[in-house]
Amino acid sequence: MKKLRIAIQKSGRLSEKSLELLGEAGLSLSNGERRLISMSSNFPVEILYLRDDDIPGYVSDKVADIGIVGENVVYEKRCEVKLVLKLGFAKCRLSLAIPKNENYDSLAWFNGKKIATSYPIILGEFLKKKNITAGIHEISGSVEIAPGIGLADAIFDIVSSGSTLISNGLKEVETIMNSEAVIIAHNSLSNEQTLILENLIFRIKAVQKAKTNKYILLNAPNGNLEKIIKIIPGMKSPTVMPLAAEGWSSVHSVLSEEQFWDIIDQLKDLGAQGILVIPIEKMII
Ligand code: PRT
Ligand code: ZN
C-alpha cells in the first residue's frame with residue numbers, strides 16, 4: 001500500500017504543534033529523535049522533517065505528498081500546491097513597519113524608500129498592485145534591525161504580538177496578509193493516498209471541533225426545564241435525566257465555549273445549579 005508522506009517543520013514554531021496535531025489525530029510516530037524521516041506504527045503515513053521554507057517545494061515536486069506550513073511561506077514560494085485545510089495555529093500577519101517617529105498617512109510614504117524583508121515576492125506583488133515604487137532589500141533574518149542600522153527605511157515582516165516591532169522602535173502601518181498553519185498537498189495523489197488524506201482530515205476536523213466545544217452538565221429545577229433546554233440546544237437535543245431529588249433534572253449538552261459565557265447568567269437566573277463544563281477530546285457530528 002502506498003503511504004502518504006507528510007512534511008513537517010523539523011524544528012521551529014510549527015514543529016511541536018504539527019506533531020501534537022498528528023498525535024491528537026491518533027497517529028503514533030516512531031523515531032522521537034526526528035532524523036529525516038519517521039513512520040507511524042498505526043496509520044499509513046511517513047513523516048519527513050524539513051526546514052519550513054523547503055516544504056512547499058518538496059510537496060510540489062511530489063517528494064512529500066502533503067505538508068504542514070505557514071500560508072506566508074506557501075505564498076512566497078509560489079509552488080504548485082493546493083491548500084487543503086487551515087489549522088488555526090501559528091497565526092500571524094505580514095505587515096509593513098516604519099520608524100515610530102515618522103509621520104505616516106498613506107502607502108505613498110513608501111515611494112522611493114528601501115524596504116528590508118524575507119518575503120520579496122509577496123511584497124513585490126503588493127507594491128506593484130498599489131503602484132508604489134520602492135526598493136526591496138532581501139535579508140533572511142533579523143529584519144527588524146534593518147532600519148536601526150541604516151540598511152533600509154522600513155521593513156516588511158511577520159508580526160504576531162507586535163513586541164518585536166516596539167522594542168526596535170518601529171510601528172506597524174499596513175497589514176498585507178494574515179497567515180496561519182495550513183495543510184498543502186500536490187495534485188497527483190493516488191486514490192489510496194486520497195483516502196488516507198480524507199481519513200486524516202476527518203480526524204483533524206473532529207479534534208478542531210472538539211477544541212471549540214465543551215460538554216456541559218447542570219442540575220435544573222423541573223419548572224424551568226423547557227426554558228433551559230431552549231438555551232442549550234446541544235448537537236441534536238440535550239439529554240435530560242431525573243435526579244433522585246424530587247423536582248430536579250440533570251441536563252447534559254454540548255456548547256461552543258463562547259456561547260457558554262454568553263448564557264451562563266441566563267442559566268443561573270433560571271435556577272440552574274451545579275454547572276460543570278468539561279473539555280471534549282474528539283467530536284464527530
Ligand atoms: O528553521 P526554519 O526555516 O524551519 O524556521 P524559520 O525560522 O524560518 O521559521 P519559524 O520557526 O520562526 O516560524 C515558522 C512559521 O511560524 C512562520 O513561517 C509563520 O508562519 C509562523 N509564525 C507565527 C511566526 C510568528 N508567528 C512570529 N512571531 N514566525 C515568525 N515570527 C517571528 C517574526 O519573524 C518576528 O521576528 O517573531 C517575531 C515577531 O513576533 P512578535 O510576537 O514580537 O510580533
Ligand atoms: Zn524558514
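We count ligands from 1, going down the list as the structure has it; atoms in each ligand are counted the same way.
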**Request:** Identify, for atom 20 (O) of ligand 1, the protein heavy atom at the shortest distance, and state residue, atom and that distance.
**Result:** N72 OD1, 2.7 Å

**Prompt:** Any idea which protein heavy atom is nearest atom 35 (C) of ligand 1, and the distance to it?
**Reply:** I158 O, 3.7 Å

**N/O separation below 3.5 Å, G12 to ligand 1** = no

**Message:** Please list, in number order, the atoms of ligand 1 under 4.0 Å from a heavy atom of V73.
**Reply:** 18 (O)

**Complete:** Excluding water, the protein N, O or S atoms sitting under 2.8 Å from the Zn ion (ligand 2) are D52 OD1, D53 OD1

**Distance flag for atom 7 (O) of ligand 1, protein heavy atom under 4.0 Å** = no

**Request:** Quick one: look up the protein heavy atom nearest atom 15 (C) of ligand 1 and list residue, atom name and how far away it is.
**Result:** L14 CG, 3.9 Å

**Prompt:** Do other residues, nucleotides or ligands put more than 12 heavy atoms under 6.0 Å from K205 NZ?
**Reply:** no

**Prompt:** Can a donor-acceptor pair be found between the side chains of Y119 and E138 at a distance below 3.5 Å?
**Reply:** no

**Prompt:** So which heavy atom in the protein is nearest atom 43 (O) of ligand 1, and how far is it from that ligand atom?
**Reply:** T164 OG1, 2.5 Å

**Asked** If you count the atoms of ligand 1 from 1 in the order shown, which ones are under 4.0 Å from a heavy atom of S161?
**Response** 41 (P), 42 (O), 43 (O), 44 (O)

**Message:** Could you check whether atom NZ of K282 has more than 12 heavy atoms from other residues, nucleotides or ligands sitting under 6.0 Å from it?
**Reply:** yes

**Prompt:** Can you tell me if NZ on K62 sees more than 12 non-hydrogen neighbours from other groups inside 6.0 Å?
**Reply:** yes

**L276-L225 co-clustered via ILVMFWY side chain contacts under 4.5 Å** = no

**Prompt:** What protein heavy atom is closest to atom 11 (O) of ligand 1, reported as residue, atom name and distance in Å?
**Reply:** R13 N, 2.8 Å

**Prompt:** Should we count CG of N191 as having more than 12 external heavy atoms under 6.0 Å?
**Reply:** no

**Request:** Among all protein heavy atoms, pick out the one at the shortest distance from atom 4 (O) of ligand 1; state its residue, atom name and that distance to 0.1 Å.
**Result:** Q9 NE2, 2.7 Å

**Request:** From atom 1 (O) of ligand 1, work out which of K10, K17, R51, E172 has a heavy atom at the shortest distance.
**Result:** R51

Ignoring hydrogens and angles, write down the donor-acceptor pairs under 3.5 Å from the side chains of residues 82-98, residues two or more places apart or on other chains.
{"residue": "K86", "atom": "NZ", "partner": "E71", "partner atom": "OE2", "Å": "3.0"}
{"residue": "R93", "atom": "NE", "partner": "E172", "partner atom": "OE2", "Å": "2.7"}
{"residue": "R93", "atom": "NH1", "partner": "S160", "partner atom": "O", "Å": "3.2"}
{"residue": "R93", "atom": "NH2", "partner": "E172", "partner atom": "OE1", "Å": "2.9"}
{"residue": "S95", "atom": "OG", "partner": "E172", "partner atom": "OE2", "Å": "2.6"}
{"residue": "S95", "atom": "OG", "partner": "T175", "partner atom": "OG1", "Å": "3.3"}

**Fill in**
Residue, atom and distance of the protein heavy atom nearest atom 36 (O) of ligand 1 read E144 OE1, 3.9 Å

**Item:** Nearest-contact summary for atom 14 (C) of ligand 1 - protein heavy atom, Å
**Value:** D52 OD2, 3.5 Å

